[in-house]
Amino acid sequence: MKVLVPVKRVIDYNVKVRVKADGSGVDLANVKMSMNPFDEIAVEEAIRLKEKGVATEVVAVSIGVKQAQETLRTALAMGADRAILITSADDVHQDIEPLAVAKLLKAVVDEEQPQIVLCGKQAIDNDMNATGQMLAALLGWSQATFASTVEVEGEQATVTREVDGGLQTVKVKLPAIITSDLRLNEPRYASLPNIMKAKKKPLDEKTPADYGVDVAPRLEVVKTTEPEARKAGEMVASVDELVAKLKEKGVV
Amino acid sequence: MAVLLLAEVTDGKLNRDATAKGVTAAKQLGEVTVLCAGASCSDAAQEAAKIDGVAKVLCAEDALYGHRLAEPAAALIVSLAGDYSHIAAPATTDAKNIMPRVAALLDVMVISDVSGIVDGDTFERPVYAGNAVQTVKSSDVTKVVTIRTSSFDAAGEGGSASVENVAAGENPGLSEWVEDKVAESDRPELTSAGIVVSGGRGVGSEENFAIIEKLADKLGAAVGASRAAVDSGFAPNDWQVGQTGKVVAPELYIAVGISGAIQHLAGMKDSKIIVAINKDEEAPIFQVADYGLVGDLFDVVPELTEKL
Ligand SMILES: Cc1cc2nc3c(=O)[nH]c(=O)nc-3n(C[C@H](O)[C@H](O)[C@H](O)COP(=O)(O)OP(=O)(O)OC[C@H]3O[C@@H](n4cnc5c(N)ncnc54)[C@H](O)[C@@H]3O)c2cc1C
Ligand SMILES: Nc1ncnc2c1ncn2[C@@H]1O[C@H](COP(=O)(O)O)[C@@H](O)[C@H]1O
């Protein structure tokens, strides 16, 4: 079976985010960009499914600016077999909304016919946590979000999900959408030889027009502001002083 | 304008706190109808009817909704959607699972984790781990939103809404519940607790987490954890506070052996008072703490527990 893994190119999680002074957004020019961490986990899981003999082919897809090619090369270096880049924006500041991403992914799924789509649970830039669920809706497929374990047997997958109350296990019929949570696995690093090999793996380039999908946003970003900053308070020298301060504030 | 608010119902029980915070937000958008769905949910519906500001409660009682599976829940909501300008839910893991599916079925964008309401079309939401706040204006006919509960106070008692039963919707038959692993605890719930004590990698082991738990119990507090503590197996996943875990805003947050990575701060920086205990005086957590104490947590925390 084929596994499709959508990977997003986002600001690296270690970079300090700066809001532009004119309120138009976050400054993404000349900052380090990386694969969304949840998508690394998804790629790793897909590769493990292949290593277990469950999956036969792992296809990575990215939607965004043409530099997302680098993100796809990372996925290929980790072990994905081929990649599809859907160039949908000229400017890195132009984010494609989950609904549009889901529509493009649906078109790719219609062509590729994977049995599993393994997404990240959340892109760490827009923090939407929506694309996998939206894609499942558009396809009429089952969904198992926030996965911490995945077991595929025959026509179904058993997935343990991280939920507010603890853990929930569900069985979903394939084809299905699964979204990765942090504890699903620890992604591997690509080795140098594999990075070299990845350069030769196939990478198809497409546009939204090829799939007839309108990516115009439904949400207009009116402005982007910095949140209220917290000021550092005071250092206390002892537990006694801390207790006294907290009593003074009436919180204990 | 009319709002359909999905109540948080688990095993027949209403999560009143999350639902009532959702009501406070939903009230700003229009008349509020609360939807309770579950294998049993009439008690939850009766309780929801008493929340101040609720005009009507719909009760969908059917085995189909017993385990909060997204596929049947989304189908039910979509079947009711026609009467409402807004469909909302508190941003719990259940709602995060269900609401984007609802939105896509209606061909609209979901607006996740709303922290402020400007008007019926315009919402504020944190992005980039809370490092920026976006104001977005929706051009969709139906607005599907999830509400960040830490940004709204819970609505009070005093409502007397009518409760109406609704028939179950179709069964998409796509997924099946196997089991829930829920730790029973007498402690307050993390997202509604007045005090939260959290431990990080510095705590060192699952056994050592007892130090954190003792302090929490002395204070009647909930226990939280950093991602590193959860990843290392010191604490269960549902204790994780942060960008991709739970968001809390208690009166008092005590961070023990936590460095203060931005992803952790995203989940607790709206707390009223923050206390940090860390042996590294350079730890970034001190930059957001109201009171910082540099010291070894294995000395400081037991002493603090004793002296409170
Ligand atoms: C996609 C993504 C999502 C993430 N989501 C989250 C999230 O939701 N929540 C979250 O918390 N993190 C999250 N993280 C992880 C985050 O980046 C940090 O790695 C994590 O918060 C660090 O946890 P920590 O502070 O416990 O560990 P560390 O950074 O290792 O800090 C441990 C601290 O303990 C102190 N210490 C050690 N021993 C003692 C002692 N004896 N006494 C006192 N102090 C001591 C040290 O000085 C240090 O400051 C996420 C990361 C990614 C990439
Ligand atoms: N532009 C994109 N290109 C590829 N995959 C994406 C894109 N946007 C979102 N995704 C996938 O959807 C997941 C959830 O993203 P989001 O719904 O935006 O939080 C990500 O972890 C990716 O797996």
Participant: Could you walk me through whether S142(A) and E71(B) pass the side chain to side chain contact (heavy atoms under 4.5 Å, CB included) test, one step at a time?
Facilitator: CA-CA 7 Å; S142(A) 57; E71(B) 300 90 344; 3.5 Å; yes
Participant: Who in residues 106-115 of chain A is close to chain B, using a strict under-4.5 Å heavy-atom cut-off?
Facilitator: none
Participant: Is any side-chain heavy atom of K96(B) closer than 4.5 Å to one of F146(A)?
Facilitator: yes
Participant: Please identify, among K16(A), E226(A), K121(A), the residue contributing the most non-hydrogen atom pairs under 4.5 Å to chain B.
Facilitator: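 Ranked by contacts with chain B, first place is K121(A).
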Participant: For each of K231(A), R218(A), E186(A), tally heavy-atom pairs with chain B at distances under 4.5 Å, and name the one with the top tally.
Facilitator: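 Top count of heavy-atom pairs under 4.5 Å with chain B: R218(A).
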Participant: When only pairs under 4.5 Å are counted, which of A289(B), A221(B), A266(B), A103(B) shares the most heavy-atom pairs with chain A?
Facilitator: A289(B)
Participant: Taking V127(B), V133(B), V102(B), N131(B) one by one, which has the highest count of heavy-atom pairs under 4.5 Å against chain A?
Facilitator: V133(B)
Participant: What distance separates K137(B) NZ from K223(A) NZ, expressed to the nearest 0.5 Å?
Facilitator: 13.5 Å
Participant: Is any side-chain heavy atom of T93(B) less than 4.5 Å from a side-chain heavy atom of E162(A)?
Facilitator: no
Participant: Under 4.5 Å, heavy atom to heavy atom: which of residues 292-305 of chain B reach chain A? Give them by number, or say none.
Facilitator: G292(B), L293(B), V294(B), V300(B), E303(B), L304(B)
Participant: Keeping the roles fixed (side chain from K246(B), backbone from D164(A)), state whether a donor-acceptor pair exists under 3.5 Å.
Facilitator: yes
Participant: Can you say whether A237(A) sits under 4.5 Å from chain B via the side chain, the backbone, both, or neither, judging by heavy atoms?
Facilitator: backbone
Participant: Would you say that K269(B) contacts E228(A) through its side chain, given a criterion of any heavy-atom pair below 4.5 Å between the two side chains?
Facilitator: no
Participant: Got a donor-acceptor contact below 3.5 angstrom from the S112(B) side chain to the M128(A) backbone?
Facilitator: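 Confirmed, S112(B) side chain pairs with M128(A) backbone.
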Participant: Give, as side chain, backbone, both or neither, the part of V221(A) having an atom under 4.5 angstrom from any heavy atom of chain B.
Facilitator: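 For V221(A), heavy atoms of backbone and side chain both lie under 4.5 Å from chain B.
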Participant: With a 4.5 angstrom heavy-atom cut-off, which part of V275(B) approaches chain A: side chain, backbone, both or neither?
Facilitator: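 The side chain, not the backbone.
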Participant: Where on E189(B) is there a heavy atom nearer than 4.5 Å to chain A: the side chain, the backbone, both, or neither?
Facilitator: neither
Participant: Which atoms of K218(B) are under 4.5 Å from chain A, going by heavy atoms: the side chain, the backbone, both sets, or neither?
Facilitator: neither
Participant: Go through the atoms of A130(A) and report whether side chain, backbone, both or neither lie under 4.5 Å from a heavy atom of chain B.
Facilitator: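 When you check distances to chain B, atoms from both the backbone and side chain of A130(A) fall under 4.5 Å.
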Participant: With a 4.5 Å heavy-atom cut-off, do D127(A) and D113(B) have their side chains touching?
Facilitator: no
Participant: Heavy atoms only, distances under 4.5 angstrom: which of I124(A), V163(A), D125(A), V19(A) has the most pairs with chain B? Name it, please.
Facilitator: D125(A)
Participant: I need the T224(A) OG1 to Y128(B) OH distance, nearest 0.5 Å.
Facilitator: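 Reported to 0.5 Å precision, the distance equals 8.5 Å.
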Participant: Can you measure from OH (Y291(B)) to CD (E241(A)) and round to the nearest 0.5 angstrom?
Facilitator: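 Answer for the OH-CD pair, Y291(B) versus E241(A), is 10.0 Å.
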Participant: Does a salt bridge link D290(B) with R230(A), judged by any charged N lying under 4.0 Å from a carboxylate O?
Facilitator: yes
Participant: Is the backbone of T225(A) close enough, under 3.5 Å, to the side chain of Q134(B) for a donor and an acceptor to pair up by distance?
Facilitator: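 Such a contact is absent between Q134(B) side chain and T225(A) backbone.
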Participant: Assess whether atom CD of E179(B) is packed by more than 12 heavy atoms of other residues, nucleotides or ligands within 6.0 Å.
Facilitator: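 Yes, because the 6.0 Å sphere around CD of E179(B) holds more than 12 heavy atoms from other groups.
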Participant: Are there more than 12 heavy atoms of other residues, nucleotides or ligands under 6.0 Å from atom CG of D22(A)?
Facilitator: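 Atom CG in D22(A) is crowded, with more than 12 foreign heavy atoms closer than 6.0 Å.
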Participant: Taking the basic N atoms (NZ, or NE/NH1/NH2) and the acidic carboxylate oxygens, is any pair closer than 4.0 Å for D107(B) and K103(A)?
Facilitator: yes
Participant: I want to check something: taking the side chain as every heavy atom from C-beta on, are L182(A) and R227(B) in contact at a cut-off of under 4.5 Å?
Facilitator: yes
Participant: Going from OG1 on T160(A) to NZ on K181(B), what distance comes out if it is rounded to the nearest 0.5 angstrom?
Facilitator: 6.5 Å
Participant: Give the member of G245(B), P100(B), A183(B), A104(B) that has the highest number of heavy-atom pairs under 4.5 Å with chain A.
Facilitator: P100(B)
Participant: Ignoring hydrogens and angles, tell me if any N or O in the side chain of N237(B) forms a donor-acceptor pair with the backbone of G166(A) under 3.5 Å.
Facilitator: yes
Participant: At a heavy-atom separation under 4.5 Å, does Q122(A) approach chain B through its side chain, its backbone, both, or neither?
Facilitator: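 Only the side chain of Q122(A) comes within 4.5 Å of chain B.
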Participant: Could you have a look at P172(B), G173(B), G194(B), S175(B) and say which one has the most heavy-atom pairs with chain A under 4.5 angstrom?
Facilitator: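 Result: the option with the highest number of such pairs is S175(B).
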Participant: Could you walk me through whether I111(B) and L219(A) pass the side chain to side chain contact (heavy atoms under 4.5 Å, CB included) check?
Facilitator: CA-CA 8 Å; I111(B) 311 168; L219(A) 303 179; 3.9 Å; yes
Participant: Please tell me if the side chains of L174(B) and V172(A) come closer than 4.5 Å, counting only heavy atoms from C-beta onward.
Facilitator: no
Participant: Would you mind telling me which of Q168(A), K173(A), K247(A) has the largest number of heavy-atom pairs within less than 4.5 Å of chain B?
Facilitator: Q168(A)
Participant: Under a 4.5 Å heavy-atom cutoff, which of Q156(A), R18(A), R161(A) has the most pairs with chain B?
Facilitator: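 Between Q156(A), R18(A), R161(A), the count favours R161(A).
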Participant: Enter the distance from L135(A):CG to R101(B):CZ here, rounded to the nearest 0.5 Å.
Facilitator: 10.0 Å
Participant: At a heavy-atom separation under 4.5 Å, does S238(A) approach chain B through its side chain, its backbone, both, or neither?
Facilitator: backbone
Participant: Is it the case that atom NZ in K307(B) sees more than 12 heavy atoms from other parts of the structure closer than 6.0 Å?
Facilitator: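 Check passes, neighbour count above 12.
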Participant: The test is side chain to side chain contact (heavy atoms under 4.5 Å, CB included); show your working for M109(B) and M134(A) and say whether it passes.
Facilitator: CA-CA 9 Å; M109(B) 246 310 274; M134(A) 292 189 124; 4.3 Å; yes
Participant: Using heavy-atom distances under 4.5 Å, tell me whether F38(A) contacts chain B through its side chain, its backbone, both, or neither.
Facilitator: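 Only the side chain of F38(A) comes within 4.5 Å of chain B.
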Participant: Give me the atom names and distance for the closest heavy-atom approach of A132(B) to V26(A).
Facilitator: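 So the minimum-distance heavy-atom pair works out to CB-CG2, 3.9 Å.
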Participant: Roughly how far, to the nearest 0.5 Å, is the CG atom of D181(A) from the OG1 atom of T244(B)?
Facilitator: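 Taking OG1 in T244(B) and CG in D181(A), the distance rounds to 6.5 Å.
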Participant: With a sphere of 6.0 Å drawn around CD of E234(A), does it hold more than 12 non-hydrogen atoms of other residues, nucleotides or ligands?
Facilitator: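 Check passes, neighbour count above 12.
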Participant: Given a strict heavy-atom distance threshold of 4.5 Å, which part of L190(B) is in contact with chain A: side chain, backbone, both, or neither?
Facilitator: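 Nothing of L190(B), per the 4.5 Å heavy-atom cut-off to chain A.
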Participant: Based on non-hydrogen pairs under 4.5 Å, which of V170(A), I11(A), L246(A), T158(A) is most in contact with chain B?
Facilitator: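 Ranked by heavy-atom pairs under 4.5 Å with chain B, first place is V170(A).
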Participant: Taking it one step at a time, do Q240(B) and R183(A) satisfy side chain to side chain contact (heavy atoms under 4.5 Å, CB included)?
Facilitator: CA-CA 12 Å; Q240(B) 182 180 309; R183(A) 259 69 62 179; 2.7 Å; yes
Participant: I'd like to know which of D94(B), L69(B), V230(B) tops the heavy-atom pair count under 4.5 Å against chain A.
Facilitator: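 The candidate making the most pairs under 4.5 Å is V230(B).
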Participant: Just give me the residue among L105(B), I262(B), V136(B), V182(B) that pairs up with chain A most often, heavy atom to heavy atom, under 4.5 Å.
Facilitator: V136(B)
